[in-house]
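First up is the structure itself, then whatever we jot down about it.
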Amino acid sequence: MSAPNAGDTAWVLVCAGLVLFMTPGLAAFYGGMVRTRNVLAMLQQNMIALGVVSLTWVLVGYTIAFGDDAGSGLFGNLELFGLADLKVPPAPNLHVVDGRITIPTLAFVLFQMMFAVITPALVTGATAGRLRFGGWVLFLAVWSVVVYAPIAHWLWHPGGWLAKFGTQDWAGGLVVHASAGAAVLAVLLVVGRRRDWPHTAAPPNSIPLTIVGAGILWFGWFGFNGGDGLQANGLAAQAVLNTHLAAAAAMLVWLALERVTDGHSTVVGAVSGAVAGLATVTPTAGYVNAASAVAIGALAGLVCHFALKLKYLLRLDDALDVLAVHFVGGMLGTLLLGLFGNRGVNPLGADGLFLGGGGGLLWRQLVGVVSVVAFSFVLTWLIAAGVQALIGLRVPPADQERLDQAQQGADAYHLGGVTSLTAPGAPRRRTAAAPAGEPAVPSGQRVRVVTALLEPDPAANSADLRDALLRAGAISVIVSDAAVATTTPQASLLPRGYWQDQPLAARLRVTVLVGADGVAAVLDELDRMGARRSDTFVQEAERVQS
């Protein structure tokens, strides 16, 4: 038996780390696009997969996926339960995966574990705001064993029935994206829609967080697609190059379509297109050349962008467009392999229709898509319905917009508009000094309280705002966040080109304590800052003794 190859082993272990990194990347990608009060819940729903699925994979998932075929091509036997008998045949054994791929089997176990982890996590983007944490944990454990592991066996084990049939899936167009997409369809039927959907939605709470998450996903995808040949060679380089080119092409096409259809090319659209390209090239990355990868990415940007309407046609509340990006992308890439497959790139592949191979590969890819989608949809619906009946999978409607408090008793952010105002002067270290005091006002003196609403932009500098009001005679100034009802709703940008009218507009509430003789000057200064007299009030007050 051959000794393990150090270079190949190191490459696969690095790729395993890259794929693991994709799970927190996915958490950030989704977390930035949900409501402010649901961020922690979304992050936790993704991160918990690292704990739950890692254990189910070692205990039983791996043996179902990659143990010796039980004879039907549907699943492996249980002889590798808990990885207890890796030193004993049946293969794969402890030393190497097989005679050609000379890496330790445990490296292969680890690499494949990370695919098992991230696949069900994709579902959380569709179900944002609706998952009960305990129910989700149970769903993860069951789904990773009952749905994911058999599909992995079908396509990635030599004895799997789809592998023997000739269906190809380089890195998970079917095993990961199509199976997760079909699961989204089933879970959404069980957990239903968010309250008032599709008439209400919310802008993303942190687009920068989403962009960081997308960057992590793009980076991690090099391991996702680059490691599936299990060797550090030219084919790995081809797969990594194809991955990047498809993402780049899909990004540009998506941005061009946004510009034509919505009038703006957005950064959320850019990363959405890139992720669509990554998902679509995944089943083809090790089977096509670079030019084909560019074409596949461009088609991904086109098809997945128009697939955004799919959730409205199906009346399914897919919150973050998992169906359009991952489900459609995974199926599209699987079918495109039947057109662009190239044995010149990978002798273990097959020529597609465009390379003179006829329609045979395309037919085998279609059979794979239908089989995986049907299996995942039916089994997922049974699992989700069972979890809902047993312990509950859907959160109560009252908690949908406050999952962080309901499930964790915490908030992700503690920021306000006032603390965001700029101030002059260079940053400096804190020094011991007496705290700043307020202008002295004799107790018992009658003063006036002036309250006004300002647009945030004209009052962007806190020092200018304070100094102007103090010069006008203010004794103290208090600024707080406020929202006002508008007669003309303001358009609010939502992810991926959608807009929503917002009937409440952000304002700053300025409360000024001023002597009676300074009211006119303060009102004039507030007028200069854009305050409307109809939203400004003057009340008589008395400064109480301390």
Side-chain angles (χ1 to χ4, degrees), residues 1-6 8-20 23 47-121 137-164 171-172 175-176 179 223-224 227-231 375-376 379 383 387:
M1 181 174 289
S2 302
N5 181 286
D8 292 344
T9 301
W11 171 241
V12 171
L13 291 175
V14 167
C15 288
L18 289 172
V19 181
L20 182 152
T23 296
M47 296 302 293
I48 195 63
L50 283 166
V52 175
V53 181
S54 296
L55 297 184
T56 61
W57 182 250
V58 168
L59 290 174
V60 66
Y62 180 77
T63 189
I64 292 174
F66 293 103
D68 273 4
D69 185 69
S72 60
L74 297 177
F75 47 82
N77 60 34
L78 298 181
E79 292 189 35
L80 301 179
F81 181 86
L83 305 183
D85 294 321
L86 282 181
K87 293 183 179 180
V88 180
N93 55 54
L94 178 63
H95 300 293
V96 293
V97 173
D98 62 34
R100 295 176 298 105
I101 308 297
T102 53
I103 64 170
T105 298
L106 289 180
F108 180 72
V109 171
L110 179 66
F111 179 66
Q112 288 294 337
M113 176 194 293
M114 300 311 163
F115 285 78
V117 166
I118 198 171
T119 301
V137 170
L138 179 58
F139 176 89
L140 278 175
V142 177
W143 194 91
S144 64
V145 173
V146 175
V147 179
Y148 178 84
I151 293 176
H153 184 83
W154 294 0
L155 286 148
W156 288 343
H157 190 284
W161 77 272
L162 282 177
K164 291 190 293 185
V175 177
V176 177
S179 69
F224 197 89
D228 285 85
L230 305 179
Q231 292 179 301
F375 178 82
S376 178
L379 268 293
I383 295 168
V387 172

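Numbers for residues simply follow the sequence, beginning at 1. These numbers were taken from a predicted model, which means no experiment stands behind them.
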Would you give the length of the straight line joining atom [atom1] of [X] to atom [atom2] of [Y], rounded to the nearest 0.5 angstrom?
X	Y	atom1	atom2	result
Ile101	Leu230	CD1	CG	5.5 Å
Trp161	Ser72	CH2	OG	11.5 Å
Leu20	Leu18	CG	CG	9.5 Å

Counting distance only, does the side-chain N/O of Trp57 pair as donor-acceptor with the main-chain N or O of Val109 below 3.5 Å? yes
For the residue pair [X] and [Y], establish whether any side-chain heavy-atom pair is separated by less than 4.5 Å.
X	Y	result
Gln112	Phe66	yes
Pro150	Leu74	no
Ser179	Trp143	yes
Pro4	Ile103	no

Assess the residue pair Phe115 and Phe224 against the criterion (ring pair (Phe, Tyr, Trp, His ring centres under 6.0 Å)); give the C-alpha distance rounded to whole Å, side-chain angles, the decisive distance to 0.1 Å, and a yes or no. CA-CA 8 Å; Phe115 285 78; Phe224 197 89; 4.4 Å; yes
What pairs with Phe75 under ring pair (Phe, Tyr, Trp, His ring centres under 6.0 Å), at least two apart in sequence or on another chain? none
Less than 3.5 Å apart, any donor N or O on the side chain of Asp69 or His157 sitting next to an acceptor on the other? no
Tell me whether the centres of the aromatic rings in Phe81 and Tyr62 are closer together than 6.0 Å. no
What residue among Val175, Val176, Leu379 forms side-chain contact (heavy atoms from CB on, under 4.5 Å) with Ile151? Val175
